[in-house]
2 protein chains.
Amino acid sequence: MTSRPFAAAVETLRGAGLRPTRQRLSLARLLFEGDDRHVTAEQLHSEAEREGVRVSLATVYNTLHQFTDAGLLREVVVEAGRSYFDTNTASHHHFFEIGTGALTDIPADQVSIGALPAAPDGVEIDSVDVIVRVKRPAH
Amino acid sequence: MTSRPFAAAVETLRGAGLRPTRQRLSLARLLFEGDDRHVTAEQLHSEAEREGVRVSLATVYNTLHQFTDAGLLREVVVEAGRSYFDTNTASHHHFFEIGTGALTDIPADQVSIGALPAAPDGVEIDSVDVIVRVKRPAH
DNA sequence: ATAGCTGCAAATGCTTTGCAAGGCC
DNA sequence: GGCCTTGCAAAGCATTTGCAGCTAT
C-alpha cells in the first residue's frame with residue numbers, strides 16, 4: 001500500500017493543479033513534511049541531492065515558483081540577490097541574522113503594528129512585512 | 001567664487017573621509033540636493049549621464065556603497081535582485097508598489113510597532129524594517 | 001610623490017529561458 | 001497520443017572585482 005505522507009503530497013499537488021511528478025513529489029515532501037522552514041533554491045537542491053533525488057536546479061526554481069503561485073509557499077525578500085521561500089504561509093514576520101543569513105519566524109501575535117497610514121492614492125494594501133535584522137555583537 | 005551647494009557637497013564627503021572627486025561630488029549633489037529620494041544604481045547612473053556627468057556604472061555602485069558605509073545612505077531591500085538606496089537615513093518605513101517598483105516613505109511616527117519579541121540567543125537587534133506592499137487593484 | 005580613485009572589461013552569483021527528450025493522464 | 005514537465009546549457013541581470021592609468025593632497 002501507498003504510504004501516508006506520499007498520498008498527502010499527491011493531494012497537495014493535485015489540489016494546486018500540478019501533476020504529481022517524481023521531482024515535485026520529492027520537493028513537496030522535503031518542504032512540507034515536518035516543521036515550517038525557510039529555504040533558498042540552492043539549499044533545497046543540495047538537500048534533494050543528499051537524499052538521492054535527482055532534480056536539476058532549474059526545476060527546483062520552477063517548482064518553488066509554481067508552489068508560490070499556488071499559495072503553498074511564500075517568498076520572503078530580505079537580502080538583495082537571494083530569495084527565501086517560507087513554508088509558513090500564515091501572516092507572520094521574521095528575524096534575519098546579518099552575517100549568517102538565518103531566517104526565523106516571529107509569530108504574528110508577537111508583533112503588533114499600531115496605526116498604519118492609509119495607502120496612497122489608488123492602491124490597496126497587499127501585505128505588511130516586518131523584518132527585524134539582528135546581528136551577533138562584535139566579539 | 002564657489003557655489004554654496006558645491007561647498008556643502010565637499011563638506012559632506014570630507015566628513016565621511018572620502019576624497020571629493022568629480023564623480024563623487026556629482027553623485028552627492030544628485031542625491032542630497034533637494035528632497036529625500038530612493039534610487040537604484042542604474043537609475044542614478046542614467047540620471048548622471050543625462051546631466052552630462054561621465055561616471056561608470058561600477059563607480060556608481062562603489063560610491064553608493066561607500067556612502068552607505070559612511071552613513072549617508074541607507075540600503076533598502078524590497079525586491080529580490082535589486083537594491084534601492086534611500087537618502088533618508090532616519091528611522092522610517094516604506095510603501096512598495098508591486099508592479100511599478102515605486103518606493104515611498106512612511107514617517108516613523110505613522111507606524112507604531114507594539115511588543116517586539118526579544119531577539120533570540122546571542123544576537124542584538126540591528127534594525128526593524130516595515131514594508132507595506134501595495135498594488136493597484138485589478139482594473 | 002603617493003595613496004586613493006576611476007573605468008573598463010571580465011568575472012561572479014543567482015535566476016530564468018529555449019528547446020529537445022521524457023513522463024503522466 | 002498529446003500535453004505538461006524536465007534537464008541541460010545558454011542567456012540574463014544586477015552587482016563585484018582586478019588592474020592599469022589617473023587624480024587629489
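Values below: every heavy atom of this structure, side chains too, minus hydrogens, waters and symmetry copies. Since we're looking at a predicted model, the values are computed, not measured. Lettering follows sequence order; numbering is per chain, from 1.
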Q. Taking it one step at a time, do A/Glu124 and B/Arg136 satisfy salt bridge (Lys or Arg N to Asp or Glu O under 4.0 Å)?
A. CA-CA 6 Å; A/Glu124 59 187 25; B/Arg136 234 151 262 286; over 6 Å; no
Check nucleotides 12-15 of chain C for protein N or O atoms closer than 3.5 Å to its own N or O atoms and list the pairs.
{"from": "C/dC14", "atom 1": "OP1", "to": "A/Arg82", "atom 2": "NH2", "distance (Å)": "3.2"}
{"from": "C/dC14", "atom 1": "O3'", "to": "A/Gly81", "atom 2": "O", "distance (Å)": "3.4"}
{"from": "C/dT15", "atom 1": "OP1", "to": "A/Ser83", "atom 2": "N", "distance (Å)": "2.8"}
{"from": "C/dT15", "atom 1": "OP2", "to": "A/Tyr61", "atom 2": "OH", "distance (Å)": "2.3"}
{"from": "C/dT15", "atom 1": "O5'", "to": "A/Tyr61", "atom 2": "OH", "distance (Å)": "3.1"}

Protein N or O to nucleotides 17-19 of chain C N or O, pairs below 3.5 Å:
none

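A straight line from CG of B/Leu64 to P of D/dA14 spans 15 Å, rounded to a whole angstrom. Between the CZ atom of B/Arg54 and the C1' atom of D/dG21 there is a distance of 14 Å, given to the nearest Å.
The two residues B/His93 and B/Val111 come nearest to each other via the heavy atoms CD2-CB, 4.0 Å. Of all non-hydrogen atoms in B/Glu75 and B/Ser83, the two that sit nearest each other are OE2-OG, 2.7 Å. Heavy atoms only, all atoms of each residue included: B/Arg74 and B/Ala90 are closest at NH2-O, 3.8 Å.
Grouping Ile, Leu, Val, Met, Phe, Trp and Tyr by side-chain contacts under 4.5 Å, direct or through others, puts B/Val77 with A/Val77.
For DNA chain C, the residues of residues 18-28 of chain B within the heavy-atom distance limit of 4.0 Å (strictly under) are B/Arg19, B/Thr21, B/Gln23, B/Arg24, sorted by number.
Note on A/Arg14: a side-chain N or O is less than 4.0 Å away from OP1 or OP2 of C/dC25. Regarding contacts with the backbone of C/dG7, a side-chain N or O of B/Ser56 is found under 4.0 angstrom from either OP1 or OP2.
Side-chain contact annotation: B/Arg54 with B/Gln23, donor-acceptor N/O pair under 3.5 Å absent. For A/His94 and A/Asp129, the side-chain atoms include no donor-acceptor pair closer than 3.5 Å.
Of the residues listed (A/Asn88, A/Asp105, A/Thr87), the one engaging A/His38 in a side chain to side chain donor-acceptor pair (under 3.5 Å) is A/Asp105, and it is the only one.
Listed by chain and number, the residues in a ring pair (Phe, Tyr, Trp, His ring centres under 6.0 Å) with B/Tyr84 amount to none (sequence neighbours excluded).
Ring centroids of A/Phe85 and A/His65 are separated by less than 6.0 Å, placing the two rings close together.
Side chain of B/His45 to backbone of B/Val60: no donor-acceptor contact under 3.5 angstrom is found.
Both A/Leu30 and A/Val10 are assigned to one and the same hydrophobic cluster, defined by single-linkage of ILVMFWY side chains at heavy-atom distances under 4.5 Å.
In this structure, the separation between CG on A/Leu13 and CG on A/Leu72 is 7.5 Å, given to the nearest 0.5 Å.
Summary for the helix from C/dA1-D/dT25 to C/dC25-D/dG1: the axes at its two ends, each from 5 pairs, differ by 30° when rounded to the nearest 10 degrees.
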